[in-house]
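Taking it in order: structure first as structure tokens, then the write-up.
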Amino acid sequence: MADEILSTIDYKPPRRRWLDTPVEFRRGTWCYGAKAKSLEAVGLPNPREWSPDQEDWKLPPNWREILLEGLRERLERFRSLRLFMDTCVRCGACADKCHYYIGSGDPKNMPVLRAELLRAVYRKNFTLAGRIMGEFVGARELTQDVLKEWFYYFFQCSECRRCSVFCPFGIDTAELTMIARELLNLVGCNIDWIAGPVANCYRTGNHLGLEPHAFKDMVDFCVDELEEVTGVRVEPTFNRKGAEVLFIAPSGDVFADPGMYTFMGYLLVFHEVGLDYTLSTYASEGGNFGLFTSHEMMKRLNAKMYAEAERLGVKWILGGECGHMWRVVHQYMDTMNGPADFLEEPVSPVTGTKFDHAKSTKMVHIAEFTADLIRHGKLKLDPGRNDHLRVTFHDSCNPARAMGLLEEPRYIIRSVCRHFHEMPENTIREQTFCCGSGAGLNADENMEIRLRGGFPRANAVRYVREKYGVNALACLCAIDRAVLPPLMEYWVPGVDVYGVHELVGNALVLKGEKERTTDLRGEPLDRTDDDEDL
Amino acid sequence: MGIRVSLFAVLALILVAYVGVALLGLELLFGVIMPYAAMAAFLAGLVYHVIKWARSPVPFRIPTTCGQQRALPWIKASEVDNPSTAVSAAARVALEALLFRSLLRNTKAELADGSLAYRWEKWLWLGGLLFHWSLLVIVLRHLRFFTEPVPGFVNLLRDLDGFLHVNLQVLYITDIVILLAVTYLFLRRVVIPQVRYISLPGDYFPLFLILSIALSGILMAHFIRVDVVAVKELAMGLVTFSPTVPEGIGAIFYIHLFLVSVLLAYFPSSKLIHMVGIFLSPTRNLPNDSRRRRHVNPWNYPVDVHTYEEYEDEFREKMKKADIPVERY
């Protein structure tokens with residue numbers, strides 16, 4: 001089955017120049033266009049019914065002026081954009097660093113060409129050389145074909161920033177993709193897998209559109225399940241004023257298998273250390289599909305976090321395991337919606353550790369929080385309860401390359417598991433490969449490109465599966481938890497996907513718990529006492 | 001197409017200089033006016049670009065982190081690849097500019113029998129590094145034409161670079177290295193299919209130009225000798241703004257000088273501007289401290305949000321039924 005995809009990968013570029021090769025919307029590689037109601041819900045321009053594979057995209061008559069004016073405005077707002085337009089030398093170091101290129105062989109998935117799609121239009125309209133010399137200096141007019149190419153390829157980039165690690169000038173395709181998508185949104189050309197969650201999140205507080213009572217129901221379901229496995233009833237609270245900490249997780253963790261087991265892990269840790277925390281139904285989403293729409297939409301959705309923290313009067317915010325959520329929290333939130341001077345510098349009430357590194361943003365990652373707990377001996381752990389799992393760890397793109405959260409999760413995993421094997425070094429830490437479905441591309445209709453983009457990650461998992469018998473892929477991101485299972489099923493059957501805090505939940509010995517016979521999923525434990533490999 | 005056009009452009013430039021000097025006697029144009037104009041264009045272009053870039057703010061702190069963050073005190077941070085202070089970020093940029101650190105990470109992905117492997121591929125790093133360092137040493141060596149007395153470090157550099165003697169003549173290591181490195185950079189552009197596919201005329205042209213400059217310089221030093229004293233007189237005239245055109249320098253020198261002039265004038269409006277851009281890249285030159293210190297966006301503007309009040313108004317009854325606290329009953 002995997003051969004179907006592998007046999008079609010050809011890295012030899014076509015004979016025809018890329019400038020003369022129009023894009024072809026082949027099923028399985030693109031996402032449905034944004035529905036009118038999704039755009040209307042948040043007041044985005046040009047709501048209409050349309051489909052990318054049809055000839056007429058129903059653009060506004062002055063679409064070209066809108067885009068060029070939008071580009072000019074963004075050149076003035078973002079030094080990154082100006083620099084990345086001017087400084088690329090086309091050395092090609094980025095070419096085979098992109099998971100979509102590796103998995104598809106499509107030359108326009110080389111980061112350099114993805115960026116050239118934008119650069120060519122920039123040169124034509126904003127540089128003297130481009131105006132005069134045209135194609136000779138790689139400049140071209142903005143036509144509808146070019147616009148379609150933008151849509152196709154900028155919604156075939158997961159903003160993972162892997163190419164940016166290897167670029168000698170630090171050119172960050174994620175930045176260019178973000179800005180290109182922002183431009184496309186000016187004329188209503190988003191995908192519905194992003195626009196829909198954005199509309200949901202704006203109104204209900206989370207991407208899934210869970211209304212407050214439904215959100216609470218889902219959490220209560222987790223609480224019941226936990227009681228069955230552990231005999232202990234945890235008691236999370238909702239929208240509670242005066243709590244010390246506001247906890248915000250990606251909503252995928254509350255809603256979907258296997259993310260909910262990770263959520264159960266959070267609840268167990270908080271219960272065991274007696275954390276005075278509350279959940280919020282208003283700020284019930286850590287993720288932010290606004291990031292995949294525009295800087296402005298990112299800000300509009302993110303505003304709920306600080307607003308809710310202020311309303312509830314908490315001291316600081318704790319954030320769950322999520323990838324792009326942490327890109328927003330770590331690199332954008334304080335700048336966009338701060339200063340959060342109504343909050344206090346985060347201090348762990350259990351260990352007294354001052355989280356000095358988060359003293360301005362006042363939001364701590366749960367891996368930092370839990371690693372600190374373990375380091376101070378505040379959690380009683382029985383790693384043997386994870387012996388049925390041979391674990392490897394997938395660094396999520398954003399915590400790795402937009403934060404540097406590398407050792408905290410590893411420290412936790414080593415403390416709660418006895419069988420842990422790293423994937424090859426070119427595929428982890430800052431060089432980690434994307435799941436292939438990030439940045440809002442985790443729809444069903446583009447499954448082929450997701451499987452292609454996920455191939456490099458899967459290939460590394462297969463390596464440790466064959467070498468060490470790995471059967472558990474741990475990760476730190478809700479989108480990973482949603483998209484890696486089908487990826488594994490396709491490329492590496494027999495590997496299940498776990499959140500780091502699910503593994504913690506398995507190993508955590510609670511005061512007053514009953515003897516555990518299964519893990520949080522209900523799978524029987526299989527202790528292998530004399531055999532430890534970390 | 002890009003290759004041929006670029007090659008012909010450089011050959012045409014050589015011809016122009018030769019005809020201009022050897023046949024038309026335009027030494028003043030090629031020896032004084034062109035170099036001044038080129039230098040002016042170079043400086044103005046650089047200033048223009050730097051101002052253009054500097055006028056666009058850096059709204060968000062977006063370093064690409066390539067190592068462990070500084071957070072919990074007992075976890076060792078990777079200060080260079082994930083700088084937590086401005087000083088570490090400066091060190092990171094310095095290592096990028098001097099040693100091409102990111103390029104040193106380069107590998108080559110290969111797909112064989114359904115498996116990916118990442119092969120050793122440091123040739124681009126090595127070729128690029130040798131090319132840039134040779135160019136720097138060569139430019140510094142040339143200071144001996146523009147200074148009187150010649151500073152000690154220039155002479156030292158010259159002695160070190162020229163410790164090899166062939167037939168009683170100094171043979172500069174950097175001359176050999178730059179020829180090899182530029183040739184390599186050209187060949188990889190032609191031979192590697194992906195790199196060839198992405199290459200523009202603007203990628204070939206500077207390679208041919210620099211190769212021609214190096215070749216004309218080497219020709220002058222070893223084969224078509226020119227009057228070095230006269231060359232220095234012309235150079236000193238240029239830098240002291242009292243230009244003179246000494247007799248009998250030879251056309252090869254004017255070809256060399258004209259190609260350098262073209263390179264200077266061409267520099268700012270081309271990809272060569274990466275020389276300056278590398279220092280400004282916000283993914284490299286900012287510390288990863290955005291949770292510790294607030295980064296300010298000068299154009300941050302208020303946006304429409306869905307307030308808690310609006311949210312509660314819509315869901316109040318459902319919240320009350322589910323025992324979720326509300327503000328207003």
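This one's a predicted model, so the numbers in the text were calculated from it and none came from an experiment. Residue numbers begin at 1 in each chain, while the letters A, B, ... track the order of the sequences.
In this structure, the portion of A:Phe433 lying under 4.5 Å from any heavy atom of chain B is its side chain and not its backbone. Looking at A:Lys241, only its side chain comes within 4.5 Å of chain B, counting heavy atoms on both sides. Contacts of B:Ile75 with chain A are made by side-chain atoms alone, with heavy-atom separations under 4.5 Å and no backbone atom involved. Residue A:Met363 touches chain B through its backbone alone, counting heavy-atom pairs closer than 4.5 Å. With a threshold of 4.5 angstrom between heavy atoms, A:Leu81 does not approach chain B through any atom at all. In this structure, the portion of B:Ile324 lying under 4.5 Å from any heavy atom of chain A is its side chain and not its backbone. The contact between A:Thr281 and chain B is made by backbone and side chain atoms together, counting heavy-atom distances below 4.5 Å. Using a 4.5 Å cut-off between heavy atoms, A:Arg16 contacts chain B through its backbone alone, with no side-chain atom that close. Proximity to chain B (any heavy atom under 4.5 Å) is shown, for A:Tyr463, by neither the backbone nor the side chain. Of the atoms belonging to A:Asp334, heavy atoms from both backbone and side chain fall under 4.5 Å from chain B. Looking at A:Leu405, the atoms closer than 4.5 Å to chain B (heavy atoms on both sides) sit in the backbone and in the side chain alike. Looking at B:Val305, the atoms closer than 4.5 Å to chain A (heavy atoms on both sides) sit in the backbone and in the side chain alike. Within the 4.5 angstrom heavy-atom criterion, atoms from both the backbone and the side chain of A:Arg203 approach chain B. Proximity to chain B is absent for every atom of A:Ser7, based on heavy atoms less than 4.5 angstrom apart. Within the 4.5 angstrom heavy-atom criterion, atoms from both the backbone and the side chain of A:Met336 approach chain B. With a threshold of 4.5 angstrom between heavy atoms, A:Ala400 approaches chain B through N, CA, C or O but not through any side-chain atom. Residue A:Arg429 does not touch chain B at all, counting heavy-atom pairs closer than 4.5 Å.
Taking 4.0 Å as the cut-off between side-chain N and carboxylate O, A:Lys304 and A:Glu308 do not count as a salt-bridged pair. Salt-bridge formation is not detected for the pair A:Arg311/B:Glu309: no Lys NZ or Arg NE/NH1/NH2 atom is positioned less than 4.0 Å from an Asp or Glu carboxylate oxygen. Ion pairing between a basic and an acidic side chain is recognised when a charged N comes within 4.0 Å of a carboxylate O; B:Lys320 and B:Glu317 show such pairing. A salt bridge is absent between A:Lys108 and A:Glu116; no separation between the charged side-chain nitrogens and carboxylate oxygens falls under 4.0 Å. Between A:Glu73 and A:Arg77, at least one side-chain nitrogen of the basic residue sits less than 4.0 Å from a carboxylate oxygen of the acidic one, meeting the salt-bridge criterion. Ion pairing between a basic and an acidic side chain is recognised when a charged N comes within 4.0 Å of a carboxylate O; A:Lys216 and B:Asp323 show no such pairing. For B:Asp203 and B:Lys271, the salt-bridge test passes: some basic side-chain N is under 4.0 Å from an acidic carboxylate O. A salt bridge links B:Asp313 and B:Arg328; the closest N-O separation between the charged side-chain nitrogens and carboxylate oxygens is under 4.0 Å.
Ranking B:Phe100, B:Phe315, B:Tyr301, B:Trp74 against chain A, the residue ahead of the rest is B:Trp74, based on heavy-atom pairs under 4.5 Å. Across A:Ala303, A:Ala174, A:Pro456, the residue that shares the most heavy-atom pairs under 4.5 angstrom with chain B is A:Pro456. Ranked by heavy-atom pairs under 4.5 Å with chain B, the first of A:Gln431, A:Arg240, A:Met333, A:His295 is A:His295. Ranking B:Arg61, B:Gln194, B:Gln68 against chain A, the residue ahead of the rest is B:Gln68, based on heavy-atom pairs under 4.5 Å. Annotation: maximal heavy-atom pairing with chain A below 4.5 Å, among B:Tyr197, B:Phe205, B:Phe279, occurs at B:Tyr197. Each of B:Asp81, B:Val5, B:Val296 has some count of heavy-atom pairs under 4.5 Å with chain A, and the biggest count is that of B:Val5. Ranked by non-hydrogen atom pairs under 4.5 Å with chain A, the options B:Asn297, B:Leu124, B:Asn288 are led by B:Asn288. In terms of non-hydrogen atom pairs under 4.5 Å with chain B, the most contact-rich of A:Glu407, A:Met403, A:Glu211 is A:Met403. Between chain B and the options A:Val89, A:Thr87, A:Leu406, heavy-atom pairs under 4.5 Å are most frequent for A:Val89. The choice from B:Glu121, B:Arg189, B:Glu310, B:Arg55 that makes the most heavy-atom pairs within less than 4.5 Å of chain A is B:Arg189.
A distance of 4.0 Å separates CG in A:Asp172 from CZ in A:Arg161, rounded to the nearest 0.5 Å.
Aromatic ring centres of A:Tyr101 and A:Tyr11: separated by under 6.0 Å.
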Do B:Val182 and B:Phe131 pass the side-chain contact (heavy atoms from CB on, under 4.5 Å) test, and can you show the C-alpha distance, the side-chain angles, and the key distance before you say yes or no?
-> CA-CA 7 Å; B:Val182 172; B:Phe131 163 69; 3.4 Å; yes
Decide salt bridge (charged side-chain N to carboxylate O under 4.0 Å, His left out) for B:Lys318 and B:Glu312; before the verdict, give the C-alpha distance in whole Å, the side-chain angles of both, and the deciding distance to 0.1 Å.
-> CA-CA 9 Å; B:Lys318 288 171 175 170; B:Glu312 190 183 299; over 6 Å; no
Begin with the C-alpha distance, continue with both residues' side-chain angles, and end with the deciding distance and a verdict on side-chain contact (heavy atoms from CB on, under 4.5 Å) for B:Ser6 and B:Phe208.
-> CA-CA 7 Å; B:Ser6 302; B:Phe208 290 137; 3.7 Å; yes
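Checking side-chain atoms of B:Asn82 against main-chain N and O of B:Thr65 turns up no donor-acceptor pair under 3.5 Å. Judged by distance alone, the side chain of A:Arg90 and the main-chain N or O of B:Ser199 form no donor-acceptor pair under 3.5 Å. At least one donor-acceptor pair closer than 3.5 Å links the side chain of A:Thr427 to the backbone N or O of A:Pro424.
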